[in-house]
Structures are given as structure tokens and as C-alpha cells.
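Numbering of residues begins at 1 and proceeds along the displayed sequence. The figures that follow rest on heavy atoms only: side chains count, while hydrogens, waters and symmetry mates do not.
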Amino acid sequence: MPHILVFDSGIGGTSVLSELQLRLPDARYSYVMDNALLPYGLQSQETITNRLVSLLFWIHQNDVNIDIIVIACNTASTYALETARKHTEIPIVGVVPAIKPAALSSTNKHIGLLATPATSKNAYTANLISNFAQGCKVDIHHSTELVNIAESYYWHRELPYERLKEELKRLKVDPRLDRLVLGCTHFPIIKEALKELLHNDVELVDSGYAIAKRVEYLLMQTGRLSIVSSQTAIGVEELASSQIDMTHWYATHTNGAAQCSKLQLIKLEN
């Protein structure tokens with residue numbers, strides 16, 4: 001069975017992890033969060049690149065047998081994916097804002113991007129918009145408060161509803177757009193609340209499902225996954241009672257993550 005490592009600055013990558021586990025329930029999973037530097041949306045490109053290289057060093061130094069790495073963070077992927085690939089032979093899949101599918105599916109050709117400042121303002125994202133959304137009006141919104149809200153909701157299972165309402169009020173999402181790209185893996189964690197507070201006609205678009213399909217394809221291409229094992233997808237309830245408990249959890253800081261009893265601390269150098 002393949003071993004998949006999912007990496008993010010916090011628990012945002014669990015939105016991608018869930019899609020992976022639904023599609024590939026027999027795989028082994030390790031989840032690494034660099035929460036000592038949460039959120040990555042406020043970090044420099046140099047810092048994030050160094051942290052990813054340090055993660056790869058930790059993997060190789062500890063002889064961790066990983067078949068594929070998923071950088072489940074839009075900021076880290078748009079900043080440092082290509083550099084990270086130069087430091088390992090392990091296949092790496094990055095997560096980038098789903099601009100292309102949002103633009104293609106938009107009826108009125110008015111879409112929005114909701115991401116962290118680092119993702120929404122960088123050159124990679126600008127190129128995505130230029131290449132795949134030429135016929136659309138694209139509104140760009142950035143928020144790190146939504147990251148904090150998602151983290152709080154994940155660990156405490158209680159949504160800070162008023163904080164969320166205030167942040168959406170500040171963002172002023174145009175009611176005329178019909179697709180809003182969730183350009184941070186934290187945001188799908190609060191997707192239902194976002195849908196409730198935004199206008200009814202907007203569709204929220206994220207990359208989780210597409211990333212799971214890409215990982216499955218690469219594992220099959222490299223012979224680490226058979227066709228039979230890739231066709232054993234299970235339901236959400238079955239997954240919740242089994243696979244999640246089998247994931248190995250790592251973090252660079254305890255804070256809220258200390259509530260995960262199986263958590264192992266690791267150190268990543270800047």
C-alpha cells in the first residue's frame with residue numbers, strides 16, 4: 001500500500017487529506033503541519049522555501065518511506081513547489097487555486113478568488129488568472145482571519161460565527177459573481193458556513209477532488225498503486241470510523257494540535 005505524506009502550515013491540508021482518503025482508503029497517510037509558522041500566508045517566499053527543503057531533509061534523514069508528497073497549501077505550492085522538486089526524487093503534488101475550472105464553469109464570466117495575501121498577490125497566481133481566466137472578470141480577496149477561524153473550528157468544533165460574519169462583511173464579495181475559488185486549503189473546512197453567509201447563487205470551488213485524482217494517477221503511473229486498489233473508495237461514515245485514526249500526525253508546535261494524542265513533534269530549520 002502506498003504511503004502518502006500531506007503537508008501544510010496547519011490543519012487546512014486535512015481538507016485535501018479527506019479527499020485522498022475517500023479515493024484511496026487503503027493507503028497509509030502521514031500528516032505534517034508546520035504550525036510553528038502558521039499561517040504561511042504571512043511568511044516570506046524564502047522562509048517557506050527553506051521550510052519545505054527542511055521537511056525533505058527530515059524525510060531523507062529519518063529514512064521515512066514516502067511514495068508521494070502532497071503540498072496541501074496554496075501559498076507553499078505557488079511559492080516553492082519547483083524548488084522542492086529539485087531536492088528529492090519523491091513525486092510532489094502541489095495545490096494551486098482552481099482558477100481554470102472556475103472560469104470554465106462560470107455562466108456570467110465573473111469569478112472571485114479568496115486566498116491568503118501571499119497566494120493572492122504572487123506572480124504564480126497572476127499567471128493562472130492571465131492564462132485561464134482571460135474571458136472573466138476576476139475579483140481578488142485575501143484573508144488570514146479565515147485561516148484562524150478554520151483552525152479554531154477544527155480544534156474546538158465550535159464556529160466563531162460573529163468573527164466569520166465580520167470578516168465576510170470586510171471582504172465585500174460581489175453578489176454578481178457565480179464562482180468563488182477557495183484558494184486556501186483551510187477554507188473548505190468552513191465551506192458550509194461560507195455558503196450560508198454568501199449569496200445563494202455562488203458556487204465555491206476548491207482543488208481537493210482534483211488533487212486526489214492526480215495523486216491516484218501518479219501512483220498508478222509509478223507502479224505504487226494497482227487498478228484494483230484504486231477502485232475501493234468508501235463512504236464518509238466508514239472513513240470517519242477507520243482511516244482517520246490510522247493517520248500519523250506530526251507538528252512543529254503543540255498549541256491546539258496537542259489535542260491529537262498521536263501527535264509527534266518534529267523540528268524544521270529556517
Side-chain angles (χ1 to χ4, degrees), residues 1-35 52 55-74 76-77 80-81 84-85 87-96 98 150 154 182 184-189 191 206-252 257 259-266 268:
M1 86 182 56
H3 187 183
I4 302 170
L5 184 144
V6 180
F7 175 79
D8 187 25
S9 62
I11 50 76
T14 59
S15 65
V16 177
L17 176 66
S18 296
E19 293 286 354
L20 287 164
Q21 290 173 326
L22 285 171
R23 193 164 192 91
L24 302 168
D26 294 327
R28 294 170 53 213
Y29 292 93
S30 291
Y31 189 87
V32 179
M33 50 185 145
D34 187 14
N35 52 346
L52 280 174
L55 169 69
L56 296 173
F57 178 76
W58 173 80
I59 290 171
H60 292 298
Q61 185 182 48
N62 291 276
D63 198 26
V64 182
N65 185 23
I66 301 294
D67 293 300
I68 195 163
I69 297 169
V70 179
I71 302 177
C73 172
N74 287 267
S77 297
L81 179 60
R85 284 173 171 159
H87 286 81
T88 183
E89 295 183 357
I90 302 171
I92 302 178
V93 175
V95 177
V96 299
Y154 182 90
L182 301 182
C184 172
T185 53
H186 277 81
F187 299 165
I189 293 172
K191 187 173 185 177
D206 67 80
S207 303
Y209 177 76
I211 294 303
K213 286 185 64 177
R214 178 64 178 167
V215 168
E216 178 186 48
Y217 171 78
L218 289 176
L219 288 173
M220 292 179 66
Q221 288 294 106
T222 55
R224 294 176 173 88
L225 181 72
S226 67
I227 295 176
V228 172
S229 63
S230 72
Q231 294 176 342
T232 57
I234 61 177
V236 175
E237 292 184 2
E238 185 180 349
L239 170 68
S241 64
S242 59
Q243 186 65 33
I244 289 177
D245 292 336
M246 297 171 60
T247 301
H248 298 282
W249 295 83
Y250 303 87
T252 55
Q259 299 175 46
C260 181
S261 60
K262 298 181 180 180
L263 180 75
Q264 297 182 52
L265 286 178
I266 64 173
L268 299 181

List the steps and the verdict of side-chain contact (heavy atoms from CB on, under 4.5 Å) for Tyr209 and Leu22. CA-CA 10 Å; Tyr209 177 76; Leu22 285 171; over 6 Å; no
Show, in sequence, the C-alpha distance, side-chain angles and deciding distance for Asp8 and Met33, and conclude whether the side-chain contact (heavy atoms from CB on, under 4.5 Å) test is met. CA-CA 5 Å; Asp8 187 25; Met33 50 185 145; 5.6 Å; no
With no hydrogens and no angle check, do the side chains of Thr252 and Asp34 hold a donor and an acceptor under 3.5 Å apart? yes
CG/Asn74 to CG/Leu81 distance, rounded to the nearest 0.5 angstrom? 11.5 Å
Less than 3.5 Å apart, any donor N or O on the side chain of His186 or Ser15 sitting next to an acceptor on the other? no
Output the distance between atom CE (Met220) and atom CG (Leu24), rounded to the nearest 0.5 Å. 10.0 Å
Any donor and acceptor pair, going by atom type alone, linking the side chain of Asp206 with main-chain N or O of Gly208 inside 3.5 Å? yes
Answer whether the closest heavy-atom distance between the side chains of His3 and Val64 falls below 4.5 Å. yes
Is the distance between the ring centroids of Tyr250 and Trp58 under 6.0 Å? yes
Asp67 and Arg28 ion-paired at < 4.0 Å: no
Drop me the distance from Tyr154's OH to Ile189's CD1, to the nearest 0.5 angstrom. 7.0 Å
Taking atom CD1 of Ile92 and atom OG of Ser77, what is their separation to the nearest 0.5 Å? 9.5 Å
Less than 4.5 Å apart, any side-chain heavy atom of Gln264 and any of Trp249? no
Atom CG of Leu17 and atom OG of Ser30: how far apart are they, to the nearest 0.5 Å? 10.0 Å
Check: Leu52 and Ile71 side chains under 4.5 Å, non-hydrogen atoms: yes
Hey, does Val215 have a side-chain heavy atom less than 4.5 Å from the side chain of Arg23? no
Flag the pair Phe7 / Leu5 as yes when at least one side-chain heavy-atom distance between them is below 4.5 Å, and no otherwise. yes
Side-chain touch Leu219/Ile4, heavy atoms, less than 4.5 angstrom: yes
Could you tell me which non-hydrogen atom of Leu263 sits nearest to which non-hydrogen atom of Ala251, and how far apart they are? CD1-CB, 3.5 Å
Between Val32 and Val6, is any pair of side-chain heavy atoms under 4.5 Å apart? no
Are the side chains of Glu216 and Ile68 in contact, using a 4.5 Å heavy-atom criterion? no
If you count every heavy atom of other residues, nucleotides or ligands that lies below 6.0 Å from Lys191 atom NZ, does the total exceed 12? yes
Heavy-atom pair with the smallest gap, counting every atom of Ile59 and Ile69: CD1-CD1, 3.8 Å
Got a donor-acceptor contact below 3.5 angstrom from the Ser207 side chain to the Val95 backbone? no
Would Gln21 and Tyr29 count as a side-chain contact (heavy atoms from CB on, under 4.5 Å) if you check the C-alpha gap in whole Å, the side-chain angles of each, and the deciding distance to 0.1 Å? CA-CA 8 Å; Gln21 290 173 326; Tyr29 292 93; 3.6 Å; yes
d(Leu55 CG, Ile266 CD1) to nearest 0.5 Å is 6.0 Å
